[in-house]
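Following: one structure in structure tokens, then a few remarks.
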Amino acid sequence: MAPVDLTPRQPRKAYGGDAGAYYEWSPADLPMLGVASIGAAKLSLAAGGLSLPSYSDSSKVAYVLEGTGTCGIVLPEATKEKVLAVKEGDALALPFGVVTWWHNGPAAPTQLTVLFLGDTSKGHRPGQFTNFQLTGASGIFTGFSTEFVSRAWDLPEANAAALVSSQPASGIVRASSPLPAPSAQDREGVALNCLEAPLDVDIPGGGRVVVLNTANLPLVREVGLGADLVRIDAHSMCSPGFSCDSAYQVTYIVRGSGRVQVVGPDGVRVLETRVEGGFLFIVPRFHVVSKIADASGMEWFSIITTPNPIFSHLAGKTSVWKAISAEVLQASFNTTPEMEKLFRSKRLDSEIFFAPPSN
């Protein structure tokens with residue numbers, strides 16, 4: 001089997017205009033999306049921009065990369081929408097069948113940019129989201145006859161035809177009237193701000209991690225995905241490790257830059273590259289990945305294709321090497337007792353992230 005290209009990619013613009021744009025990664029550019037049945041897209045709204053109500057064929061995690069705004073969510077069988085204020089660092093779990101809309105305020109000083117990562121295994125196109133617009137030029141009801149729309153909405157046919165055709169734009173528009181005010185109560189159990197949440201890992205001079213799972217964001221269970229936000233400091237290293245529950249890891253570089261290496265079966269280095277903000281890449285199942293930040297540090301948001309992921313690390317005080325007996329380690333490396341003791345004596349206080357060596 002020919003190796004799959006793991007080269008990190010940026011998205012391509014799918015549609016949009018002055019009010020904003022929708023970008024997506026395609027399996028044609030990033031083949032691992034199709035292999036892993038993962039979708040990835042990004043929505044960017046200018047001031048006043050409104051992403052019209054739609055639903056998707058995939059469950060997703062949304063992460064706000066930039067700006068502040070409002071998100072409307074209608075859960076399946078709900079009688080009332082949830083209206084949330086969203087800001088940079090917010091993560092939202094969006095299960096199957098959820099209808100959403102997004103809005104950037106008319107006086108917003110920055111764009112509202114949202115990343116979407118999700119599972120497309122039950123979707124129309126493995127590796128790519130299919131979104132269904134409820135209104136607009138490509139809305140669902142433009143496909144129904146006027147008779148069907150009239151009967152469904154209990155409107156005269158003339159009114160039904162006028163309503164369906166009244167929005168000539170598609171996907172993203174500028175809102176011309178005020179939208180609902182957000183409710184703090186509506187955020188509960190739906191959104192978590194990763195920049196404000198308690199840290200799951202905090203290593204001075206190394207890095208910090210916030211993990212999204214069923215404990216702090218219950219809807220993650222319905223989505224079937226875990227996620228984390230990782231920030232490592234200048235020249236710090238993220239320990240070589242792998243997902244030990246057969247999960248794919250999908251990583252979007254939020255800001256900063258650094259180097260990435262991925263190693264697969266037979267000790268083959270399948271990826272060695274430099275990444276920076278805006279790039280996305282996927283680590284295949286059971287492959288070992290490690291990253292080293294440049295002087296700017298590096299921040300990334302990842303999803304893992306299981307709601308409560310477990311990682312095994314191959315360096316640091318929690319690595320498998322600290323658990324393996326001295327005799328087995330010495331025999332495995334075919335080394336001396338002295339070298340085994342030197343190896344085991346290192347990284348006794350460091351886990352997951354390693355600060356740069358001091359000069």
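Computed over heavy atoms, backbone and side chain alike; hydrogens, waters and symmetry mates excluded. Throughout, numbering of the chain's residues begins at 1 and tracks the sequence.
Note that OG1 of Thr70 and CG of Asn104 are 8.5 Å apart. Values are rounded to the nearest 0.5 Å. We find the CG-CG distance between Asp90 and Leu84 to be 8.0 Å, quoted to the nearest 0.5 Å. In this structure, Leu65 CG and Glu299 CD are separated by 9.0 Å, a value rounded to the nearest 0.5 Å. His287 NE2 to Ile282 CD1: the interatomic distance, rounded to the nearest 0.5 Å, is 12.5 Å. How far NZ of Lys122 is from OG of Ser59: 8.0 Å, rounded to the nearest 0.5 Å. Taken from OG1 in Thr146 to CG in Leu163, the straight-line distance is 11.5 Å, to the nearest 0.5 Å.
Within the 4.5 Å cutoff, the side chain of Val98 has no heavy atoms near those of the Val74 side chain. Residues Glu157 and Val149 form no side-chain contact, since every pair of their non-hydrogen atoms from C-beta on lies 4.5 Å or further apart. Here the side chains of Asp228 and Leu212 are not in contact, with every heavy-atom distance at 4.5 Å or above. Between Pro126 and Pro27, the closest side-chain pair of non-hydrogen atoms is not below 4.5 Å. Side-chain contact between Val260 and Arg274 is absent, with no heavy atoms from C-beta onward closer than 4.5 Å. Val275 places none of its side-chain heavy atoms less than 4.5 Å from the side chain of Trp300. Counting heavy atoms from C-beta outward, Val35 and Pro284 have side chains that stay 4.5 Å or more apart. Proximity of Lys13 to Tyr22: side-chain heavy atoms (C-beta onward) are nowhere separated by under 4.5 Å.
Gly118 approaches Ile303 most closely through the heavy-atom pair N-CD1, 3.9 Å. For the residue pair Gly49 and His103, the shortest heavy atom distance occurs at O-CD2, 3.2 Å. When all heavy atoms of Leu52 and Gln167 are compared, the closest pair comes out as CD1-CG, 4.3 Å. Contact between Ser54 and Gln133 at its shortest, heavy atoms only, is CB-OE1, 3.8 Å. Here the closest heavy-atom approach between residue Leu33 and residue Leu280 is recorded as CD2-CD2, 4.4 Å. Residue Ser51 comes nearest to Leu43 through the heavy atom pair CB-CD2, 3.8 Å, listed as atom of the first residue, atom of the second, then distance.
Between Lys341 and Glu338 there is no salt bridge, since no side-chain N of the basic residue sits under 4.0 Å from a carboxylate O of the acidic one. By the 4.0 Å N-to-carboxylate-O rule, Glu88 lies close enough to Arg255 to be salt-bridged with it.
Judged by distance alone, with hydrogens and angles left aside, the side-chain atoms of Asp202 form no donor-acceptor pair with the main-chain N or O of Leu199 at under 3.5 Å. With hydrogens and angles disregarded, a donor-acceptor distance shorter than 3.5 Å links the side chain of Asn216 to the backbone of Val211. Side chain of Arg259 to main chain of Thr273: no donor-acceptor pair is present (N/O by atom type, distance under 3.5 Å, no hydrogens or angles). Counting only distance, with no hydrogens or angles, the side chain of Ser302 and the backbone of Gln249 share no donor-acceptor pair below 3.5 Å. In this structure a side-chain-to-backbone donor-acceptor pair under 3.5 Å is missing from Ser150 to Glu147. Under the 3.5 Å distance criterion, the side-chain polar atoms of Asp266 are left unmatched by any main-chain donor or acceptor of Val268. Without hydrogens or angle criteria, Asn131 side chain to Ser56 main chain gives no donor-acceptor distance under 3.5 Å. A donor-acceptor pair is defined here as one N or O able to donate and one able to accept, closer than 3.5 Å; such a pair exists between the side chain of Asp57 and the backbone of Thr130. For Asp233 (side chain) and Ser236 (main-chain N/O), no donor-acceptor pair under 3.5 Å exists by modelled atom type. With hydrogens and angles ignored, the 3.5 Å screen pairs no side-chain donor or acceptor of Thr305 with any backbone N or O of Asp119.
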Fill in: Val61 vs Leu92, side-chain contact (heavy atoms from CB on, under 4.5 Å): CA-CA, chis, key distance, verdict
CA-CA 6 Å; Val61 172; Leu92 296 82; over 6 Å; no
Discussion item. Quick one, Phe301 with Tyr252, criterion ring pair (Phe, Tyr, Trp, His ring centres under 6.0 Å). Give me CA distance, side-chain angles, the key distance, then yes/no.
Written reply: CA-CA 5 Å; Phe301 184 81; Tyr252 175 85; 8.6 Å; no
Discussion item. Before you tell me yes or no, could you show the steps for Val190 and Lys82 under side-chain contact (heavy atoms from CB on, under 4.5 Å), namely the whole-Å CA-CA distance, both residues' side-chain angles and the distance that decides it to 0.1 Å?
Written reply: CA-CA 9 Å; Val190 178; Lys82 294 179 180 290; 3.9 Å; yes
Discussion item. Let's go through Leu195 and Arg231 carefully: what are the C-alpha distance in whole Å and the side-chain angles of both, what is the deciding distance for side-chain contact (heavy atoms from CB on, under 4.5 Å) to 0.1 Å, and is it a yes or a no?
Written reply: CA-CA 10 Å; Leu195 299 177; Arg231 291 166 283 171; 3.9 Å; yes
Practice prompt. For Val210 and Glu196, run side-chain contact (heavy atoms from CB on, under 4.5 Å): C-alpha distance rounded to whole Å, both residues' side-chain angles, the deciding distance at 0.1 Å, then the answer.
Written response: CA-CA 9 Å; Val210 170; Glu196 300 173 354; over 6 Å; no
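Scored by the ring-ring contact (aromatic ring centres under 6.0 Å, His included) test, Tyr248 finds no partners at all (sequence neighbours excluded). For the ring-ring contact (aromatic ring centres under 6.0 Å, His included) test, no residue two or more places apart in sequence or in another chain qualifies with Phe281.
When only modelled atom types and interatomic distance are considered, Arg285 and Ser243 share no side-chain donor-acceptor pair under 3.5 Å. Under 3.5 Å, the side chains of Asp294 and Ser296 contain no donor-acceptor pair of N or O atoms. Side-chain N/O atoms of Thr113 and Glu66 include a donor and acceptor closer than 3.5 Å. A side-chain donor from one of Gln111 and Ser44 sits under 3.5 Å from a side-chain acceptor of the other. Side chain to side chain, Ser37 and Thr120 fail the donor-acceptor criterion of an N or O pair below 3.5 Å. In the model, Ser170 has a side-chain atom that pairs as donor or acceptor with a side-chain atom of Ser138 under 3.5 Å.
Applying the 6.0 Å contact sphere to CZ of Arg151 captures no more than 12 heavy atoms from other residues, nucleotides or ligands. Counting heavy atoms of neighbouring residues, nucleotides and ligands inside a 6.0 Å radius, atom CZ of Phe286 exceeds 12 of them.
The same ILVMFWY cluster, assembled from side-chain heavy atoms under 4.5 Å apart, contains both Val254 and Phe353. Linking Ile, Leu, Val, Met, Phe, Trp and Tyr whenever their side-chain heavy atoms come within less than 4.5 Å puts Val250 and Val209 in one cluster. Leu117 and Leu217 fall into different hydrophobic clusters, where Ile, Leu, Val, Met, Phe, Trp and Tyr side chains are chained together by heavy-atom contacts under 4.5 Å. Cluster membership check: Val262 shares its hydrophobic cluster with Val4, using side-chain heavy-atom separations under 4.5 Å among Ile, Leu, Val, Met, Phe, Trp and Tyr. When hydrophobic clusters are built by joining Ile, Leu, Val, Met, Phe, Trp and Tyr residues whose side-chain heavy atoms come closer than 4.5 Å, directly or via intermediates, Val223 is not grouped with Tyr55.
Seen from the ring of Phe129, Lys60 counts as a face-on cation partner, given the 6.0 Å and 45° thresholds.
Partner of Phe141 under the ring pair (Phe, Tyr, Trp, His ring centres under 6.0 Å) criterion, out of Trp153, Phe148, Phe132: Trp153 alone. Checked against Phe116 for a ring pair (Phe, Tyr, Trp, His ring centres under 6.0 Å), the options Trp25, Tyr63, Trp102 give a single hit: Trp102.
Note on residues 20-36: pairs passing salt bridge (charged side-chain N to carboxylate O under 4.0 Å, His left out), not counting sequence neighbours, are Arg12-Asp29.
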